[in-house]
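In what follows, a single structure is set out as structure tokens and then discussed.
As a basis for the values below, the full set of heavy atoms in this structure was taken, side chains included, without hydrogen atoms, waters or symmetry mates. From a predicted model like this one, the values you see are computed outputs, not experimental measurements.
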Amino acid sequence: MSTVSPVGPANGYRRIATEEAFVPPELHRMYRELVASGSVDDPGFNSLIGYYLGHPSERARNVSERLQDIGERRVADMDSAGIDMQILSLTSPGVQVLKRDAAVAMARLANDQVAEAVRRYPKRFAALAAVAPQNPPEAAKELERAVTKLGLKGVIINSHTLGEYLDDPKFSPIFEAATALKVPVYLHPNTPPKKMIEPFLESGLDGALYGFAVETGLHALRLIVKGVFDRYPDLTVILGHLGEALPFWLFRLDYMHRGTVSSGRYDFLKPLKKKVSDYLRDNFYYTTSGMASPPAITFTQSVIGMDRVMYAMDYPYQYVHDEVRVQDALALSAADKKAFFQTTAERVFKV
Ligand code: 1DF
Ligand code: MN
């Protein structure tokens, strides 16, 4: 965790960091019980969350402590990194490994708690709602409550829910609610599910190092090819980590999807109204969480559009002051730089 000299104010823009994680102490304690009892049937959860809860390393302790603070300590970290505002979201896997009713209750608790932090620091924090996909009608109700009563700005889904993906029509109440409320769905990574994780765990590649991107990119593509955006053309999905590499794949996705659908290989793969790349340009926004690489950012802006790529840090998992400076120094016009750090986020999250 870098604690070098403060970054200082930006030149003509506010820095809004759009993928910034927290955990309520109550959920932190519940994770501890779940890992200890081995009752969650998800090896990725047990391995990664077990690491953060119990490992003696500096990194594990630092992240665990900082995740639980949505007050003074976090604001001090933001001050020294030059972050004007964080869009807070419940850390992965959120409530998505809990039993149904516990998940519903914990999502409410997390939303109430983060809404209180936003009330205390209205200029520094805005937040996304957590919901329990385990109970789709309740998830839709909680999203509506969080947006209309608590003032939250969208919803975070930490990818699969114990191996289930949102293209399953049973999850449609969540998309109905998000589109009716006109709020975005942030599709955040999770470790690959049990049926996919073995080769990742064998090589230590399950987490943010690579497994996250594979799992979440897959999830986004499932939404597209299973027709979710033809059913919900106004749905907005946000991907972190520069789109989990999907912008690099546009050409081949279009070519191979066209060929697969037209040859009729899978009965369930129906023709779409648009090309795969069209959905990735029209329905998605992208953040730079964890990807402070100027050529990668510039590439994504060039193939997706300047107005769809936003700054994110990935606090507290990747809290590095120099990464802010690197993105301040991107070769962009003053207007594009302001869109990147500030105005696109203001538009997408209505902050
Ligand atoms: C890590 C990173 C873990 C992120 C996360 O959830 C997470 C990590 C447990 O580095 O192990 O959400 N992240 O978004 O950067
Ligand atoms: Mn993240």
Side-chain angles (χ1 to χ4, degrees), residues 6-22 70 74-89 114 117-129 147 151-156 182-188 236-243 247 281-294 296-316 318-351:
V7 173
N11 180 20
Y13 49 90
R14 292 197 308 140
R15 299 189 192 94
I16 303 177
T18 54
E19 185 194 307
E20 316 307 320
F22 80 99
I70 43 175
R74 182 174 297 243
V75 170
D77 282 349
M78 290 163 64
D79 288 342
S80 69
I83 302 302
D84 294 278
M85 175 177 265
Q86 284 191 350
I87 310 292
L88 297 166
S89 53
V114 82
V118 173
R119 277 193 292 275
R120 285 181 62 203
Y121 297 95
K123 294 208 167 71
R124 309 306 299 275
F125 295 141
L128 303 181
V147 171
L152 305 194
K153 302 301 185 184
V155 57
I156 184 138
K182 298 185 164 48
V183 295
V185 176
Y186 204 120
L187 189 64
H188 185 277
T236 295
V237 174
I238 305 170
L239 292 173
H241 319 99
L242 290 176
R281 290 193 180 93
D282 298 346
N283 291 91
F284 285 78
Y285 284 83
Y286 300 80
T287 80
T288 64
S289 50
M291 300 287 268
S293 163
I297 296 170
T298 303
F299 173 82
T300 307
Q301 289 168 326
S302 76
V303 296
I304 296 293
M306 193 59 82
D307 55 342
R308 285 187 178 262
V309 183
M310 299 181 270
Y311 170 69
M313 177 180 277
D314 231 338
Y315 181 94
Q318 200 160 334
Y319 175 46
V320 182
H321 290 180
D322 280 351
E323 294 183 359
V324 182
R325 293 202 173 94
V326 160
Q327 292 174 79
D328 278 332
L330 284 168
L332 296 171
S333 71
D336 288 342
K337 187 85 60 74
K338 186 167 180 167
F340 172 76
F341 274 105
Q342 177 185 341
T343 56
T344 303
E346 288 173 341
R347 189 172 76 248
V348 171
F349 297 106
K350 305 192 189 92
V351 293

message: Tell me the closest heavy-atom pair linking Gly82 and Val7, and the distance in Å.
response: N-CB, 4.0 Å
Whether over 12 other heavy atoms sit under 6.0 Å from Lys182 NZ: no
Side-chain (Thr287) to main-chain (Met310) donor-acceptor, under 3.5 angstrom: no
- prompt: Side chains of Tyr121 and Gln86: does their closest heavy-atom pair fall under 4.5 Å?
  reply: no
message: Checking the side chain of Arg124 only, and the main-chain atoms of Ile83 only, is there a donor and an acceptor separated by less than 3.5 Å?
response: yes
query: Between Asp322 and Arg325, is the closest basic N to carboxylate O distance under 4.0 Å?
result: yes
query: At their closest point, which heavy atom of Val326 faces which heavy atom of Ala292, and how far apart are they?
result: CG1-O, 3.6 Å
query: What closest approach, in Å, do Gly240 and Tyr186 show between heavy atoms, and which atom pair accounts for it?
result: CA-OH, 3.5 Å
statement: Heavy-atom nearest pair, Gln318 first then Met313, reads O-CG, 3.4 Å
query: Looking only at atom types and distance, does a side-chain atom of Gln327 sit under 3.5 Å from a main-chain N or O of Glu323, one as donor and one as acceptor?
result: yes
- prompt: Which pair of heavy atoms, one from Thr300 and one from Pro247, lies closest together, and at what distance?
  reply: CG2-CG, 4.0 Å
- prompt: When rounded to the nearest 0.5 angstrom, what is the spacing between CE in Met85 and CZ in Phe341?
  reply: 15.5 Å
- prompt: Nearest heavy-atom pair of Tyr285 and Val348: which atoms, and what distance?
  reply: CE2-CG2, 3.5 Å
query: Does Ser289 use its side chain to pair, donor to acceptor, with the backbone of His241 at less than 3.5 Å?
result: yes
message: Is any side-chain heavy atom of Gln301 closer than 4.5 Å to one of Leu332?
response: yes
- prompt: Quick one: does Arg281's side chain have a donor or acceptor within less than 3.5 Å of a partner on Val303's backbone?
  reply: yes
- prompt: Any side-chain donor-acceptor pair under 3.5 Å between Tyr311 and Asp328?
  reply: no
field: Reported OG1-to-CE distance for the pair Thr298 and Met306, which is rounded to 0.5 angstrom
entry: 7.5 Å
message: Quick check for you: to the nearest 0.5 Å, what is the distance between Ile156 atom CD1 and Ile87 atom CD1?
response: 11.5 Å
field: Worked check of side chain to side chain contact (heavy atoms under 4.5 Å, CB included) between Phe340 and Ile297
entry: CA-CA 10 Å; Phe340 172 76; Ile297 296 170; 4.2 Å; yes
field: Any donor-acceptor pair under 3.5 Å from Asp84 side chain to Arg15 backbone
entry: yes
query: Would a distance-only check, ignoring hydrogens and angles, find a side-chain to backbone donor-acceptor pair under 3.5 Å from Arg308 to Phe284?
result: yes
field: Min side-chain heavy-atom separation Ser80-Tyr319 under 4.5 Å
entry: yes
message: Please check: side-chain N/O of Lys338 versus main-chain N/O of Thr343, any donor-acceptor pairing under 3.5 Å?
response: no
task: Before accepting this row, confirm whether a basic side-chain N of the pair Arg74/Glu20 lies closer than 4.0 Å to the acidic partner's carboxylate O.
output: no
task: Apply the side chain to side chain contact (heavy atoms under 4.5 Å, CB included) test between Phe349 and each candidate in Thr344, Leu152, Ile238, Val183; give the one that qualifies.
output: Ile238
Atom CZ of Arg347 with >12 non-hydrogen neighbours under 6.0 angstrom: yes
